[in-house]
Number of protein chains: 2
Amino acid sequence: MIDFVRILIEHNIAPSIQRIKILEYLSKYKTHPTADMIYRELVKQIPTLSKTTVYNTLKTFTEKGLLTALAIFDNEIRYDFNTDQHIHFKCSKCGLVFDLDGSHDTFNEDFIEGHKITEYHINLKGICKNCLKKESK
Amino acid sequence: MIDFVRILIEHNIAPSIQRIKILEYLSKYKTHPTADMIYRELVKQIPTLSKTTVYNTLKTFTEKGLLTALAIFDNEIRYDFNTDQHIHFKCSKCGLVFDLDGSHDTFNEDFIEGHKITEYHINLKGICKNCLKKESK
DNA sequence: TCCATATTTGTAATCATTACAAGAATGAAA
DNA sequence: TTTCATTCTTGTAATGATTACAAATATGGA
């Protein structure tokens, strides 16, 4: 049982039911959800939940380093609970985002060509295993 | 002098003034512009230009493989005239997108973990050379 | 020239996100 | 415990990018 309250406090975020539930959702379902996906799920548990709260919370979490905002494709922001560096793959058929293994030491540099690097993302696009299987039938 | 008409025809796209100008703009100013940036520039030359035309054209170009749509950050789509593989770096201060050298052979595979890969993007974020210089003053 | 087709245009709709202000909850001080 | 300031949450309205759609225009071939 993960202590979400503790995690919030350690990141200087005051715990609230909304924040705890959003954090719980993100750590449980690593589907790189959008704000809207999170809202649609959690409003079932918290009927008074506002979409603005979801957006505010995700912004706060990201600022405090609890989440990373991914800009993958298709003009939508998805959120990832911070863990190890990994690669994201989005299927252009079903829209699911997969994590792929693989470190990318190549870009483990603080400065490249004089620019200071704070984040690096590797995003692949293609057709996922499952959709390929369906196609071949 | 690049023959834009020829490029369009080779990609099965019927040439029109709008399409030629948009292609010319993209090949000339490699600033990874958004649709809106392209519109604001070209409407000076083609006063009747519609923003919808810009969107339609960019979509057509992308479908025909003439452009790549980049999903970098901040929920905006930017377009890149297809050239060699390169890395994109976006400055979080000034918002400019820079191309960085560097090939990434690691991901030159057609399949990874069973998924078919069609595109791969490496996006870095940070503070650019110029903004660093301004800060230190 | 005429016609079918493709392209462009402008407006309205959509979707994600943000701004804002009011209401509710919280926690510390008296 | 009450009070008060502060922080969170909520709902509505605004914004900004993009898309849908239908009418107007341009194009190339018969």
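Throughout, protein chains are lettered first and strands after them, A, B, ... in sequence-line order, and every chain is numbered starting at 1. Heavy atoms only: backbone and side chains are in, while hydrogens, waters and symmetry mates are out.
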Rounded to the nearest Å, what distance is computed from the [atom1] atom of residue [X] to the [atom2] atom of nucleotide [N]?
{"X": "B/Tyr39", "N": "C/dT8", "atom1": "OH", "atom2": "C1'", "answer": "13 Å"}
{"X": "B/Leu23", "N": "C/dT7", "atom1": "CG", "atom2": "C1'", "answer": "17 Å"}
{"X": "B/Lys21", "N": "C/dT8", "atom1": "NZ", "atom2": "C1'", "answer": "17 Å"}
{"X": "A/Leu58", "N": "C/dT17", "atom1": "CG", "atom2": "P", "answer": "9 Å"}
{"X": "B/Lys59", "N": "C/dT8", "atom1": "NZ", "atom2": "C1'", "answer": "16 Å"}

Note to self: Determine whether a donor-acceptor pair (N or O, by modelled atom type, separation under 3.5 Å) exists between the side chain of B/Thr57 and the backbone of B/Arg19.
What the structure shows: no

Check: Is B/Tyr55 near enough to D/dT19 that one of its side-chain N or O atoms lies under 4.0 angstrom from OP1 or OP2?
Finding: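 For D/dT19, neither OP1 nor OP2 has a side-chain N or O of B/Tyr55 closer than 4.0 Å.
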
Checklist line | Pairing residues for B/Thr52 by the side-chain contact (heavy atoms from CB on, under 4.5 Å) criterion, not counting sequence neighbours | finding: B/Ser50, B/Asn56

Checklist line | Separation of B/Lys134 NZ from B/Lys129 NZ (nearest 0.5 Å) | finding: 13.5 Å

Notebook entry, point to check: What distance separates A/Leu42 CG from A/Glu24 CD, expressed to the nearest 0.5 Å?
Noted result: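 With rounding to 0.5 Å, CG (A/Leu42) is 8.5 Å from CD (A/Glu24).
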
Notebook entry, point to check: What is the per-nucleotide protein-contact pattern of nucleotides 3-11 of chain D, from the 5' end, where B denotes a base atom under 4.0 Å from a protein heavy atom, S denotes such proximity for sugar-phosphate atoms only, and - denotes neither?
Noted result: -----SSBB

Next item on the list: Classify the ring geometry between B/Phe98 and B/Phe89 as parallel (under 30°), tilted (30 to 60°) or perpendicular (over 60°).
Entry: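 Plane angle between 30° and 60°, so tilted.
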
Notebook entry, point to check: Which residues pass the side-chain hydrogen bond (donor to acceptor under 3.5 Å, both in side chains) test with A/Lys51, sequence neighbours left out?
Noted result: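 Expected list: A/Asp36.
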
